[in-house]
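Let me begin by presenting the structure, written as structure tokens, before commenting on it.
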Amino acid sequence: MTIKQQLQACRSKEETFKALVSLSKSLARLPAEEKTEEHKVKGCESAVWLIEQDIDGACYFKADSDAKLMRGVLVALLNLVNGKSKADIQAMDLANELAELNLGSYLTSSRSNGVLGILHAMQN
């Protein structure tokens, strides 16, 4: 089952919460020296760091957050974009992809704005 399918299968806020906590455990932590102001995503309720790497023309992101649930959201977002070309990522309707992850019950309006900020950073 894909991450998208796992999240789409959640039928309550509690199920989504459990799924995100479970996903958060799979995200490697960034070392302190990479948690710089330069890598910090602006507009997020919690601290979020995003680092882009280009490997043979494909984009790969490393990310971390001080909030466990946001780390789960990051796993889902990274799953959407890692391994794609910059052009492919820029062509994606990431807001629609986010909607398909079924996170509406979890994402408050301020968290949604933060997640949209992360998606914007991934596309630029």
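Basis for what follows: all heavy atoms, side chains included, without hydrogens, waters or symmetry-related copies.
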Review point. In Å, rounded to the nearest 0.5 Å, how long is the span from OG of Ser46 to CE of Met70?
Key: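 One gets 4.5 Å once the value is rounded to the nearest 0.5 Å.
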
**Study point:** Spatial distance of atom CG (Leu69) from atom CD (Glu45) [nearest 0.5 Å]
**Key:**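 CD of Glu45 is found 11.0 Å from CG of Leu69.
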
If every non-hydrogen atom of [X] is compared with every non-hydrogen atom of [Y], which pair is closest and at what distance?
| X | Y | value |
| --- | --- | --- |
| Thr16 | Cys10 | OG1-CB, 3.4 Å |
| Ile3 | Val75 | CD1-CG1, 3.7 Å |
| Ala63 | Leu78 | CB-CD1, 4.1 Å |

Check your understanding: Could you give all pairs that pass the side-chain hydrogen bond (donor to acceptor under 3.5 Å, both in side chains) test and reach residues 115-124, with sequence neighbours left out?
Key ->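 Only His120-Asn124 qualify under side-chain hydrogen bond (donor to acceptor under 3.5 Å, both in side chains).
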
**Study point:** Pairs touching residues 57-67 that satisfy side-chain hydrogen bond (donor to acceptor under 3.5 Å, both in side chains), sequence neighbours left out
**Key:**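 Qualifying pairs, neighbours excluded: Arg29-Asp64, Glu34-Lys62, Lys35-Asp64, Asp64-Arg71.
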
Exercise for review: Kindly indicate whether the side chain of Leu7, heavy atoms from C-beta on, has any atom under 4.5 Å from the side chain of Leu23.
Suggested key: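 Yes, at least one pair of side-chain atoms sits under 4.5 Å.
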
[X]: side chain to side chain donor-acceptor pair (under 3.5 Å) partners, not counting sequence neighbours:
| X | value |
| --- | --- |
| Gln90 | none |
| Gln5 | Thr2 |
| Ser85 | Asp88 |
| Ser26 | none |

Check your understanding: Got a sec, which pairs hit salt bridge (charged side-chain N to carboxylate O under 4.0 Å, His left out) with one end in residues 94-104, sequence neighbours left out?
Key ->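 Every pair satisfying salt bridge (charged side-chain N to carboxylate O under 4.0 Å, His left out) with a residue in residues 94-104: Lys4-Glu97, Lys4-Glu100.
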
**Study point:** Qualifying salt bridge (charged side-chain N to carboxylate O under 4.0 Å, His left out) pairs with a residue from residues 14-28, counting only residues at least two apart or across chains
**Key:**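 Sorted result for residues 14-28: empty, none.
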
Check your understanding: Given the rule in the side chain to side chain contact (heavy atoms under 4.5 Å, CB included) test, do Leu101 and Leu80 qualify, once you have shown the distances and angles that lead to the verdict?
Key -> CA-CA 10 Å; Leu101 291 175; Leu80 290 175; 4.0 Å; yes

Exercise for review: Run the numbers on Val73 and Leu77 for side chain to side chain contact (heavy atoms under 4.5 Å, CB included), then give the verdict.
Suggested key: CA-CA 6 Å; Val73 171; Leu77 298 180; 4.0 Å; yes

Review point. Is it the case that more than 12 heavy atoms not belonging to Glu38 sit under 6.0 Å from its CD atom?
Key: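 Open.
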
Exercise for review: Evaluate whether atom CZ of Phe17 has more than 12 neighbouring non-hydrogen atoms of other residues, nucleotides or ligands under 6.0 angstrom away.
Suggested key: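 Counting other residues, nucleotides and ligands, CZ of Phe17 stays at 12 neighbours or fewer.
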
Practice item. Could you give me the CA-CA distance, side-chain angles and deciding distance for Leu103 and Val115, then say whether side chain to side chain contact (heavy atoms under 4.5 Å, CB included) is met? Key: CA-CA 11 Å; Leu103 296 176; Val115 172; over 6 Å; no

Review point. With sequence neighbours excluded, what pairs up with Lys86 under the salt bridge (charged side-chain N to carboxylate O under 4.0 Å, His left out) test?
Key: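 In terms of salt bridge (charged side-chain N to carboxylate O under 4.0 Å, His left out), with neighbours along the sequence ignored, Lys86 is linked to Glu52.
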
Review point. Transitive ILVMFWY cluster of Leu30 at side-chain heavy atoms under 4.5 Å: who else is in it?
Key: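 Answer for Leu30: Trp49, Ile51.
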
Practice item. Could you give me the CA-CA distance, side-chain angles and deciding distance for Cys44 and Ile118, then say whether side chain to side chain contact (heavy atoms under 4.5 Å, CB included) is met? Key: CA-CA 8 Å; Cys44 290; Ile118 295 166; 3.9 Å; yes

Review point. Taking only residues two or more places apart in sequence or in another chain, which ones pass side chain to side chain contact (heavy atoms under 4.5 Å, CB included) with Glu37?
Key: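 Here the qualifying residues are Lys40, Lys42.
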
